[in-house]
Each structure stands twice: as C-alpha cells, then as structure tokens.
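Comments concern the structure below.
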2 protein chains.
Amino acid sequence: MSEPTSRRPGRPPGGQLVVDREHVLDAAERVIRRDGAGASLEAVAVEAGVTKPIVYHRVGGRADLADALAERLADRMVLATRTALAGELLSQTGLTRFVEANLQTVAEHREVFLYVTGGSTEQTALGRLSLAGRSTRPLAKTLAAWRSGIHQDPGVAEAWAFGIVGMLQMVSQWWITQDDRSATEVAEQISDLLWNGLPGR
Amino acid sequence: MSEPTSRRPGRPPGGQLVVDREHVLDAAERVIRRDGAGASLEAVAVEAGVTKPIVYHRVGGRADLADALAERLADRMVLATRTALAGELLSQTGLTRFVEANLQTVAEHREVFLYVTGGSTEQTALGRLSLAGRSTRPLAKTLAAWRSGIHQDPGVAEAWAFGIVGMLQMVSQWWITQDDRSATEVAEQISDLLWNGLPGR
DNA sequence: GCGAAAAGTTACCAGCAGTAAGTAACGGGG
DNA sequence: CCCCGTTACTTACTGCTGGTAACTTTTCGC
C-alpha cells in the first residue's frame, strides 16, 4: 500500500496539527486490541490516519511506544486500585481488593498488557521493568510509609514493591492465558500468601 | 554473507549428523552471551557452523528456541536451588537460600535470561510463562505436599507457585539491571516478605 | 545397481523498524 | 506584496530478520 491517507504531501492547510501524541497512542491501543501484540508501527500509523514518520516524530520508535503504553497502563492500574480501596491497604481484605483490581485491569487491557510486557527485542525487557517501575513507585511509597516503624532500611520497600508487582504481573499473565478461575478466587489466594506468608498464621 | 560454512550442498559424507540439537542450543547461548538478547537466528546458525534451515529443523523457530532455552535455564535453576538447600524448604533460612540461588543463577546467565523473558513478538510472552511453568512445577509440588494439611484446594499451590516465580523473575530483572545491592541482602528481604507476610510477625 | 529418503546448502520472499529526500502550506522581514 | 526559510507532512527507500521453497548430494533398502 502507498495510500495510508488521502492527504497530499506537504504541510496540510489550517494551522492545526493533524494528530497529536495522544491520538497516536489511542490508535496504537486500538490496533493492538484488534491485531494482537504483534501489531506493526505501520498499522498504528494507518489507524491514526497518518504515515509512519509522524508516529516516529510523535512517540519515537517501538520501544518508546511500548514505554508510553506502559505508562498509560500503569496509570490505569494505580487509578483502579486507588478507587478500589479508597485509601487504605492495611488490611487483608484491602489487599485482596488491590490484587483483584489489578487482575481486572489487566483483563480489560489484555492485548495491550501483552504488548507492553512482551518487549520487542534488544534490551527492551525494560518495557516490563518500565511498567513495573511506574506501578511500583506509589506502592513502594505506601509500603515505606506504612512499615516505617518496623524496617529502618528504606530499600526494603523498593525490593518488596518490585517483588509484589512481579508477582502480580506473572499471576495476571497466567490467569488471562491459561487459567479459568474467577479473579476473586485468585485474588484471595494471592492476598493470603502476601498477607500471611508461606507458613500461614 | 553466503558462506556460513565451507561445506558443499548436499548430504555430507559420513553417517553422522553435522550437529545435533544440543550443539545448536549451546551455540545459541554463546551468541546470546556475546551479542545480547537481540541475537539473530542467522548468527546462531553461523556460530553453530551450519545454515539457518538446519536451526529450524533442529529446534524450530524463534519462539521454540526461546522455549528450549527457557527449559534449560529452568533446569539450571531447579538444580541450583536443589543443591543449595539439599532437600528442605520448610524454614525461612532455607527460603532465603532458595531465593539467593535463583538470583545467582540469573546473574550467571544474564543475557540468556533476558532473551528468554524478553519474548520476541506475537504472543511469545509465553516464553516467560514457559520458563515460569517449568520452574513452577517442582515448586508447586513442594508447596502442595508441604501445605496439604492446611489448604484443601490444590489449586492454591499452583497460584502461589506462579506468584512466587513471578516475584523472583521481576526481582531478578530489577536486581541485574538497576540495583547494586548484594544478592544476599535482596534474598533476605524477599524471603522475609514471603515467609512472614506483609504485616510481619 | 537404483530409486527413494535423508541431510545439507543456496537463494529467495515478505514484513518490519527506521530514515532520507521530496513537497506543500505557513509566516515574518524587505 | 512578495519571497524565502521553517514547519509539517508524504513518498520512497534501505537493511535486516524470520521463515521457506527449491535444488544438490550422499546414504540405504531392495
């Protein structure tokens, strides 16, 4: 194809840009939802009603796209969990709601989640770390504030946050691709482990 | 280049195969160690002293290669942890050793780990699940046997196993790419979380 | 001996990330 | 009022990679 749009070459009339960064990211999410995690940048460009170089100008290469989508996804997760437990994480039932909200957000954005965590090539396994980092930061803060009295070492909160996020990511992936249990059930099991520890209480 | 080897076309003399599957996998690991996670199948073929179709015949496509390497890596991890704790996982210090052995194995096979968990494209995020599944199975068995008295539901062990493996993978990735603490330190922190739970004991 | 199967290599295709070069509208100085 | 540099696009390309078809040579069963 050489006709992604019906526009002619050259700067378009009217002072406005044709599409902005947000529109490109929206288009990318639609394409990924439709075509799966293997969606190409060309397809994204077509969906956005634009050509490839525009995509590069707006969001950068494939790694940057994954990073941007990771940021969005992380924001949604943080938002979902925040509204799900309205301020406190200090109880086991709160933790369960937290886990469940995560699972449901992943399920809702299944393909995008797989795209982001799929990492394209190179050292883009950082895509996953990127997603992790963004959802980790608030969690680490919460943990640090919460357990400030118990652990002096502030690094513990960071390690725990990454661990928990990794646990959630893996469980999500397993859940949406293999398992058929309910989100609530899985959330309760994971919450049990995370709250009571391996030996139980 | 069109001269990966100096061999002529046609079936080579001598009843033996030129290389077997294991040799190809060995070559793949060498290349990945040298070139990073973005190593190409062509490079693997050259390193193995063979042409691309042979690689395809021996191990299949890129996804299959990742899967095979995941299997090897999982085996190494299981072995490392097994020798590290010689039979029991029922104590917190044993758990710490388990986590530390995992971290060290990942560090030792850093690039291969990133290749496997990096997932190429498509739905090859299953590469990560594949690694998880293989290291998960023995862990799930252990957990199931261990806590058989407490939880009737056998599915709990599976969910926990995936969760723990995910936690380990994410912590490993974070540790080898960003952090500079010692493996022991991180292992103790994660083991603490996993054994005592979030609120502590 | 001889033809089918096995085990290679060469040569190719399709698709994708990323970029260089060309083209049209806008806008400020002479 | 016109002209030229800048901006914002498109077209058209390169380079590489995963994957495969077609060809070539040895081995082996009959």
Side-chain angles (χ1 to χ4, degrees), chain A residues 1-21 23-24 27-28 31-32 35-68 115 118-124 127, chain B residues 1-21 23-24 28 31-32 35-69 115 118-124 127:
Chain A
M1 306 321 146
S2 1
E3 327 200 44
T5 77
S6 52
R7 214 175 301 111
R8 300 180 330 183
R11 178 171 186 167
Q16 279 302 52
L17 274 73
V18 163
V19 292
D20 61 357
R21 186 185 156 97
H23 276 72
V24 173
V31 169
I32 290 169
D35 297 357
S40 74
L41 291 190
E42 177 76 36
V44 170
V46 170
E47 173 71 26
V50 158
T51 53
K52 241 190 314 177
I54 300 301
V55 175
Y56 278 83
H57 188 258
R58 294 288 186 278
V59 312
R62 192 186 168 100
D64 303 275
L65 176 59
D67 191 65
Y115 183 90
S120 53
T121 39
E122 205 76 0
Q123 59 178 357
T124 319
Chain B
M1 297 326 140
S2 7
E3 329 200 38
T5 79
S6 52
R7 215 174 298 113
R8 298 181 330 185
R11 178 170 184 166
Q16 279 304 55
L17 274 72
V18 162
V19 293
D20 61 358
R21 185 183 157 96
H23 276 71
V24 173
V31 169
I32 290 169
D35 296 356
S40 74
L41 292 188
E42 178 76 36
V44 170
V46 171
E47 172 73 25
V50 157
T51 52
K52 240 192 313 176
I54 300 301
V55 176
Y56 278 83
H57 189 258
R58 294 287 187 280
V59 312
R62 194 187 165 102
D64 303 276
L65 176 59
D67 191 65
L69 294 181
Y115 184 90
S120 49
T121 38
E122 204 76 359
Q123 58 178 355
T124 320

Problem set entry | A:Lys52 versus A:Glu42, closest heavy-atom pair with distance | CE-OE1, 3.2 Å

For this session: Identify, between A:Arg58 and B:Leu41, the residue whose nearest nucleotide on DNA chain D lies closer to the 5' end.
Result: A:Arg58

Problem set entry | Distance in angstrom units between B:Glu42 CD and C:dA11 C1', rounded | 12 Å

Problem set entry | Value in whole Å for how far the P atom of C:dA7 lies from CZ of B:Arg21 | 16 Å

Problem set entry | Whole-Å gap separating C1' (D:dT7) and NE2 (A:His57) | 9 Å

Problem set entry | A:Ile54 CD1 - C:dT19 C1' separation (whole Å) | 13 Å

Exercise. Which whole-number value in Å describes the distance from A:Arg7 CZ to D:dT11 P?
Worked result: 9 Å

For this session: Taking all non-hydrogen atoms of both residues into account, name the closest pair between A:Thr51 and A:Ala45 and its distance.
Result: C-CB, 3.7 Å

For this session: Mind listing the closest non-hydrogen atom pair of A:Arg62 and A:Ala37 along with its distance?
Result: NH2-O, 3.7 Å

Seminar exercise, completed: To the nearest angstrom, the CG-C1' distance between A:Asp20 and D:dC9 comes to 16 Å

For this session: Rounded off to whole Å, could you give me the CZ-to-C1' distance for the A:Arg62 and C:dG15 pair?
Result: 12 Å

Seminar exercise, completed: From the candidates C:dG18, C:dT9, D:dG18, the one with an atom nearest any side-chain atom of B:Thr51 is C:dT9

Exercise. What is the per-nucleotide protein-contact pattern of nucleotides 22-30 of chain D, from the 5' end, where B denotes a base atom under 4.0 Å from a protein heavy atom, S denotes such proximity for sugar-phosphate atoms only, and - denotes neither?
Worked result: --BBBS---

For this session: List the atom of B:Arg7, the atom of B:Gly49, and the distance in Å for their closest heavy-atom pair.
Result: NH2-O, 3.1 Å

For this session: Could you tell me whether the side chain of B:Arg58 and the main chain of B:His23 form a donor-acceptor pair under 3.5 Å?
Result: no

For this session: Let me know the distance between NZ of B:Lys52 and P of D:dG18, rounded to the nearest Å.
Result: 7 Å

Exercise. For A:Asp35, what residues pass the side chain to side chain contact (heavy atoms under 4.5 Å, CB included) criterion, not counting sequence neighbours?
Worked result: A:Val31, A:Ala39, A:Ala43

